[in-house]
Amino acid sequence: MAAEDLDRAVERSHRAVAAVFRGDPGPATALFSENDDVTLGNPFGPYARGRKEVEETIARAASNYRDGDVTGVELVATYVSDGLACVVEVERGHAKVGGSDQTATLALRVTSLFRLEHDVWKLVHRHADPITTPRPAASVISQ
């Protein structure tokens, strides 16, 4: 039963990302645990810690997108133990980003950590960044 619930939670996360690409933070916010130990790393800033910061960060991220959708997800790996699951994926989609009227192609490297809470898989951590191709060594140097 837990594996089936995890599959549903992962599918909900894909629909939530599609909503974010349309500018709607609600479904993504709903995926996260209500507990204050949640964290979020996204391409637009530093890690958010705590439920309030995570909600604010999702809202800011969603405000950068509009008219988008998820076009595909590549599963890299899934790790599941009693009460914890880690899902590693590449999410692909399209959206208008920032003030642009042009639709952009998007690809995000994503790690999602789910915790089983009251028989429901809830996100406790998500990290997404646009690094999906090899980069030079100098790319890790802070400017």
In terms of relative ring orientation, are Y65 and F44 parallel, tilted or perpendicular, with 30° and 60° separating the classes? perpendicular
N-O pairing of D36 and R51 below 4.0 Å: no
With a 4.5 Å heavy-atom cut-off, do V87 and L75 have their side chains touching? yes
Pairwise side-chain contact, E89 with V10, heavy-atom cut-off 4.5 Å (strictly under): yes
Is there side-chain contact between D69 and F21, with heavy atoms separated by less than 4.5 Å? no
Got a sec, which residues hit side chain to side chain contact (heavy atoms under 4.5 Å, CB included) with A48, two or more places apart in sequence or on another chain? L40, E53, V54, T57
Could you point out which residue of H127, R126, E74 forms a side-chain contact (heavy atoms from CB on, under 4.5 Å) with V110? R126
Salt bridge K96-D101, side-chain N to carboxylate O under 4.0 Å: no
Going only through I, L, V, M, F, W and Y residues with side-chain contacts under 4.5 Å, is there a path from V17 to V88? no
Hey, could you give me the CZ/CG distance between F114 and D5, rounded to the nearest 0.5 Å? 12.0 Å
If only side-chain N and O atoms count, and only distance matters, is there a donor-acceptor pair under 3.5 Å linking T39 with H125? yes
L116 and V124: same hydrophobic cluster, using ILVMFWY side-chain contacts below 4.5 Å? no
Can you tell me how far CG of L113 sits from CH2 of W121, rounded to the nearest 0.5 angstrom? 9.0 Å
Between V73 and V20, is there a shared hydrophobic cluster once you connect ILVMFWY residues whose side-chain heavy atoms come closer than 4.5 Å? yes
